[in-house]
Structure formats: C-alpha cells, structure tokens
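Treat the numbers as computed from the prediction; the structure is a model and nothing was measured.
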Amino acid sequence: MENINAIPEILGETTDVESWLIRAGLRFSDLGNDAASIAIRQQWREYQAAVQRCCAVLHQPASRVQLSGDYANLRIPGSASTCAIPRTDSM
C-alpha cells in the first residue's frame, strides 16, 4: 500500500528555517535552550553559510542547488543525512 504521507525526496536547498526544520519533522516552536536545540541552531547557521556560498559559486537560487560532500549532513537538522564546497577553517 502506498504511504500518502511520505515525505518526497528532498530536492534543492532552502533559505527558510521552518522548511529546513520540517525535513526532520520539527517546528521552530520545538526548539528550547537545551543542548540539542542549541546544536540545531548552530547547524542552521552552518547550513545557511554553505547554501549561500554554493548559490554564489553556481549563480543559482537555493532551490536549484543541492549540498553534497562534507555539507550533505547539514541538509537535515540534527542528522547525518549537489554542490560540494571544500570546508575551510573560517566556518
């Protein structure tokens, strides 16, 4: 039987925090001040920096790029889940 509530394959990136959190079944209101929430907020900042760099390199909007390589784990909040940008010490 087909699962009608299945999340479709994630294509492209987002600049919307709510959309990013939904990928992991979370909402912004779920975040608190605990260690996991703080880590998710840090991951959002790293994700956004990677998306912005990828968009600049490819001259494409976020919805038309996909992170891969070292940055693929940033796609889903709190998980280790195609533009590969080498990681630098400045991040």
Side-chain angles (χ1 to χ4, degrees):
M1 177 175 248
E2 184 179 335
N3 184 351
I4 59 173
N5 293 325
I7 298 173
E9 183 180 341
I10 299 168
L11 299 175
E13 305 305 338
T14 183
T15 56
D16 177 60
V17 69
E18 287 289 343
S19 296
W20 182 74
L21 288 168
I22 286 170
R23 292 176 177 179
L26 298 170
R27 294 174 302 184
F28 193 76
S29 60
D30 294 334
L31 301 178
N33 289 322
D34 57 282
S37 295
I38 292 168
I40 289 171
R41 286 187 181 95
Q42 176 62 35
Q43 185 179 348
W44 166 253
R45 289 188 292 274
E46 291 176 13
Y47 171 81
Q48 280 300 285
V51 168
Q52 289 175 1
R53 289 177 60 196
C54 192
C55 289
V57 167
L58 297 175
H59 304 289
Q60 296 288 327
S63 62
R64 303 276 318 254
V65 300
Q66 187 167 353
L67 298 178
S68 64
D70 291 341
Y71 292 100
N73 65 325
L74 297 175
R75 298 193 81 223
I76 306 294
S79 77
S81 73
T82 51
C83 169
I85 300 173
R87 190 162 245 181
T88 65
D89 292 334
S90 63
M91 281 212 46

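In summary, the side chains of Glu13 and Tyr47 do present a donor paired with an acceptor at a separation below 3.5 Å, with no hydrogens or angles considered.
For Gln52, the side-chain contact (heavy atoms from CB on, under 4.5 Å) partners are Gln48, not counting sequence neighbours. Ser19 meets the side-chain hydrogen bond (donor to acceptor under 3.5 Å, both in side chains) test with Asp16; sequence neighbours excluded. For the side-chain hydrogen bond (donor to acceptor under 3.5 Å, both in side chains) test, no residue two or more places apart in sequence or in another chain qualifies with Thr15.
The two residues Arg75 and Leu67 have their closest heavy-atom pair at CD-O, 3.7 Å. Contact between Cys55 and Val65 at its shortest, heavy atoms only, is SG-CG2, 4.0 Å.
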Show every donor-acceptor pair shorter than 3.5 Å between a side-chain atom in residues 25-33 and any protein atom, with sequence neighbours excluded, or say none if there are none.
{"residue": "Arg27", "atom": "NH2", "partner": "Asp30", "partner atom": "OD1", "Å": "3.3"}
{"residue": "Asp30", "atom": "OD2", "partner": "Arg27", "partner atom": "N", "Å": "2.8"}

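Atom CZ of Arg41 has more than 12 heavy atoms from other residues, nucleotides or ligands within 6.0 Å.
Counting heavy atoms from C-beta on, the side chains of Ile40 and Trp20 come closer than 4.5 Å.
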